[in-house]
There are 2 protein chains.
Amino acid sequence: MSKQGRGTDSEGEACCQGVASAPLGEEQAADLAKAFKALGDPVRLRLLSMIASRDGGEVCVCELTPAFELSQPTISHHLKLLRQAGLIDCERRGTWVYYWALPAALNRLAAFLRSAEPAGVGA
Amino acid sequence: MSKQGRGTDSEGEACCQGVASAPLGEEQAADLAKAFKALGDPVRLRLLSMIASRDGGEVCVCELTPAFELSQPTISHHLKLLRQAGLIDCERRGTWVYYWALPAALNRLAAFLRSAEPAGVGA
DNA sequence: AGGTTGCATCAACGAATGTCAATACAGCAA
DNA sequence: TTGCTGTATTGACATTCGTTGATGCAACCT
């Protein structure tokens with residue numbers, strides 16, 4: 001539970017230019033694939049959106065678990081994967097654990113996808 | 001091999017408001033997860049970037065396969081998954097098959113991720 | 001101290017995924 | 001026609017993934 005800066009946005013790693021800019025090296029592909037794989041599950045997507053759409057920016061696990069018809073260990077597992085992917089982070093505060101999204105990571109992925117066809121080329 | 005309009009960009013489906021806008025329903029989550037899952041593999045990410053970064057917009061399979069140290073059926077399989085995810089499309093032209101990216105699909109995913117923290121809130 | 005609640009980890013299972021060799025199909029060329 | 005080349009499909013395999021019940025750990029409350 002690292003409790004990092006909660007990045008407003010810009011973080012180092014200008015990184016890859018976007019899907020339509022260059023053929024993408026093996027390392028960058030492996031790095032991005034980890035993040036996208038974490039997004040490739042409906043439960044994790046819903047968890048992430050529940051966390052990211054929260055006004056205070058934080059959500060207690062005790063609010064996330066009952067929102068799904070899944071066991072508590074399963075939700076905990078998905079939260080762990082999202083955290084390992086660098087998309088969210090968490091902190092224990094007394095009895096409860098709070099999660100928040102890391103916008104820098106999400107914007108990095110968005111920037112990678114966005115650069116597809118800036119203007120109009122085909123047709 | 002549908003050969004659709006090769007959308008310059010805008011396509012119906014304004015769809016979901018973005019990860020930070022709403023808790024995301026089950027259907028939307030399942031739909032988005034399919035696309036993200038397709039991006040969750042390094043080989044498919046490299047394939048997609050090779051296709052999307054092509055000037056003419058099209059790439060022959062005969063150029064994609066030798067770029068990887070994988071068997072031809074494996075590459076064909078990954079291309080099929082990308083196509084089923086709606087991220088690319090293809091057309092047979094004589095002996096060869098050409099693939100191109102579908103920017104509308106990529107931009108839809110980017111739009112979903114982008115809306116995370118527009119300005120600066122945390123820290 | 002003991003008891004209770006919230007969350008994480010462990011061990012195990014079926015299901016899905018990535019990969020390949022073998023095969024099938026489509027189009028071109030003699 | 002027969003043969004050859006490019007691509008897709010099939011069948012099989014090892015690995016990974018999603019899920020759960022059982023268990024462990026941390027923090028609160030008597």
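Proteins get letters first, then strands, A, B, ... in listed order; numbering begins at 1 in each.
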Met50(A) vs Val59(A) side-chain heavy atoms within contact, under 4.5 Å: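 They are not in contact (no side-chain heavy atoms under 4.5 Å apart), so the answer is no.
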
Phosphate contact (dG6(C) OP1 or OP2) by Thr95(A) side-chain N/O below 4.0 Å: no

Tyr99(A) side chain near dA8(C) phosphate (N/O to OP1/OP2, under 4.0 Å): yes

Other residues, nucleotides, ligands: >12 heavy atoms within 6.0 Å of Gln84(B) CD: yes

Looking at every non-hydrogen atom in both residues, tell me the closest pair between [X] and [Y] and how far apart they are.
| X | Y | answer |
| --- | --- | --- |
| Ala38(B) | Ala85(B) | CB-CB, 3.5 Å |
| Ala22(A) | Ser49(B) | O-CB, 3.5 Å |
| Asn107(B) | Leu113(A) | OD1-O, 4.1 Å |

Closest-nucleotide ordering on DNA chain D, the 5'-leading residue of Ile75(A) and Gly94(A):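 Upstream on the strand: Ile75(A).
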
Would you kindly give the [atom1]-to-[atom2] distance between [X] and [N], to the nearest whole Å?
| X | N | atom1 | atom2 | result |
| --- | --- | --- | --- | --- |
| Gln84(B) | dA8(D) | CD | P | 12 Å |
| Leu79(B) | dT7(D) | CG | P | 10 Å |
| Leu64(A) | dA8(C) | CG | C1' | 15 Å |
| Lys80(A) | dT19(D) | NZ | C1' | 15 Å |
| Phe68(A) | dG18(D) | CZ | P | 14 Å |
| Arg92(B) | dT9(D) | CZ | P | 10 Å |
| Tyr98(A) | dA26(D) | OH | C1' | 15 Å |
| Glu63(B) | dT5(D) | CD | P | 19 Å |

Nucleotide nearest Val61(A) (side chain, heavy atoms from C-beta), chosen from dG6(D), dA8(D), dC7(C):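 Comparing dG6(D), dA8(D), dC7(C) against the side chain of Val61(A), the answer is dC7(C).
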
Whether Phe36(A) and Phe112(A) hold their rings parallel, tilted or perpendicular, with breakpoints at 30° and 60°: tilted

Test applied, side-chain contact (heavy atoms from CB on, under 4.5 Å); reference residue, His77(A); option that passes from Leu79(A), Ile75(A), Thr74(A), Leu81(A):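 Among Leu79(A), Ile75(A), Thr74(A), Leu81(A), the one that satisfies the side-chain contact (heavy atoms from CB on, under 4.5 Å) with His77(A) is Leu81(A).
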
Summary of protein contacts for nucleotides 17-24 of chain C, nucleotide by nucleotide, where a base hit scores B, a sugar-phosphate-only hit scores S (4.0 Å, heavy atoms): SSBBBB--

